[in-house]
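Fair warning: this is a prediction, and the values are worked out from it, not measured in the lab. Residue numbers count from 1 along this sequence.
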Amino acid sequence: MKTAKILEVVKKPLPARAFQWKGVSAENKKELLHFLEETGCPDVDIFSLTEKGLCIHTLEGKMQVQDGAYIICGNANEYWAVREDIFLNTYNIIDGPNSATAVMKKYLAITNTIDADEGWLLIDAYTLEEARHIAKADYKTEDLLAINEVSVNDESGVSHSFVINE
């Protein structure tokens, strides 16, 4: 009997845009419309106001947006809401003058694993802080020993060399 190959994976960080819903008010409705315009929302009718507040009609069904929750616009212009506590634990806010042109970088993390071995992770992230968070969240990581941004040389299109920047 064949068994399925079990893959070890790390979810890729994907850029998204977010807006914090602070409740039904004229100002917040105006800010929501601005967010939808800026993100190119193809159908504002997926958002509705009910007696319970704001709802988003997603592919998974009707989603009630709690006050304080963040509304996310994903890569395929899909929208969903995330409770504030979950948002703050799972998303890094890329803010400042370079936020619109943020570039994904590669980081090499050296770790002690739960198997008492030394291991390494090659991580795609926007910031060193985000890379540290990803490395520490890996289920095999017991202790993070070092982490550095690495440069990828790909002039031939075939071979890659990694140089740790000090």
Side-chain angles (χ1 to χ4, degrees), residues 3-109 111-114 119-144 147 149-150:
T3 58
K5 182 178 180 183
I6 298 172
L7 304 174
E8 291 187 31
V9 300
V10 175
K11 188 175 180 180
K12 294 179 184 178
L14 297 173
R17 293 190 271 175
F19 163 76
Q20 188 174 27
W21 176 251
K22 296 176 184 164
V24 179
S25 71
E27 182 63 26
N28 212 31
K29 286 189 241 181
K30 188 190 304 183
E31 289 178 2
L32 174 62
L33 289 173
H34 176 74
F35 171 71
L36 298 177
E37 182 180 302
E38 285 294 311
T39 57
C41 181
D43 183 10
V44 294
D45 291 336
I46 65 170
F47 292 87
S48 62
L49 285 172
T50 69
E51 65 280 349
K52 293 182 179 180
L54 182 67
C55 283
I56 304 174
H57 301 274
T58 70
L59 294 174
E60 290 80 26
K62 190 173 174 181
M63 176 182 265
Q64 188 69 42
V65 181
Q66 298 173 359
D67 290 359
Y70 285 80
I71 299 169
I72 311 292
C73 173
N75 292 341
N77 252 19
E78 72 280 19
Y79 293 82
W80 66 95
V82 177
R83 276 190 354 228
E84 183 177 20
D85 60 328
I86 295 171
F87 177 85
L88 295 173
N89 282 320
T90 57
Y91 288 86
N92 284 322
I93 298 172
I94 303 170
D95 203 5
N98 298 324
S99 62
T101 57
V103 175
M104 184 82 63
K105 300 173 187 172
K106 293 213 178 283
Y107 294 88
L108 182 64
T111 65
N112 278 334
T113 68
I114 57 175
W120 62 271
L121 299 166
L122 185 60
I123 299 167
D124 291 317
Y126 289 102
T127 65
L128 179 60
E129 179 183 322
E130 181 183 18
R132 273 193 188 102
H133 180 75
I134 292 168
K136 289 178 180 178
D138 183 84
Y139 79 97
K140 281 193 166 186
T141 298
E142 189 168 276
D143 189 30
L144 180 59
I147 188 164
E149 184 180 341
V150 294

In terms of the angle between their ring planes, are Y70 and F87 parallel, tilted or perpendicular, with boundaries placed at 30° and 60°? parallel

Any donor-acceptor pair under 3.5 Å from N28 side chain to G23 backbone: yes

With rounding to the nearest 0.5 Å, note down the distance linking CZ in F47 to NE2 in H57. 10.0 Å

So how far is it from T39 OG1 to E78 CD, rounded to the nearest 0.5 Å? 10.5 Å

Tell me whether D85 is salt-bridged to R83, with the criterion being a basic N under 4.0 Å from an acidic carboxylate O. yes

Work out which heavy atom in A109 is nearest to a heavy atom in I123; give both atom names and the distance. CB-CD1, 4.1 Å

Residue pair K62 / C55: nearest heavy atoms and the distance that separates them: CE-SG, 3.5 Å

Just by distance, do the side chain of Q20 and the backbone of G68 share a donor-acceptor pair under 3.5 Å? yes

Approximate separation, where rounding is to 0.5 Å, of I71 CD1 and F19 CZ: 6.0 Å

So do K105 and D124 actually touch side chain to side chain, heavy atoms under 4.5 Å? no

Side chain to side chain, R132 and I147, heavy atoms closer than 4.5 Å: yes

What one should report as the nearest heavy-atom pair of A125 and I134 is CB-CD1, 4.3 Å

State, with a plain yes or no, whether a side-chain heavy atom of T50 is found less than 4.5 Å away from one of Q64. yes

Do the charged groups of D67 and K22 touch, with an N to O distance under 4.0 Å? no

Please find the pair of heavy atoms, one from A16 and one from I72, that lie closest to each other, and give the distance. CB-CG2, 3.8 Å

Do D138 and T111 come close enough that some side-chain heavy atom pair is under 4.5 Å? no

Out of curiosity, S48 OG to I56 CD1, how far, rounded to the nearest 0.5 Å? 9.5 Å

L128 vs E149 side-chain heavy atoms within contact, under 4.5 Å: no

Counting only N and O atoms by type, is there a donor-acceptor contact under 3.5 Å from the side chain of T58 to the main-chain atoms of E60? yes

So do Y91 and V82 actually touch side chain to side chain, heavy atoms under 4.5 Å? yes

Flag the pair L108 / L121 as yes when at least one side-chain heavy-atom distance between them is below 4.5 Å, and no otherwise. no

Is there a donor-acceptor contact under 3.5 Å from the side chain of T141 to the main chain of D143? no

For a 4.5 angstrom cut-off between non-hydrogen side-chain atoms, does C73 reach W80? no

For V24 against G53, the heavy-atom pair lying closest together: CG2-CA, 4.1 Å

Can you give me the closest heavy-atom contact between V44 and L36, atom names plus distance? CG1-CD1, 4.1 Å

Plane angle bin for F35 and Y79 - parallel if under 30°, tilted between 30 and 60°, otherwise perpendicular: perpendicular

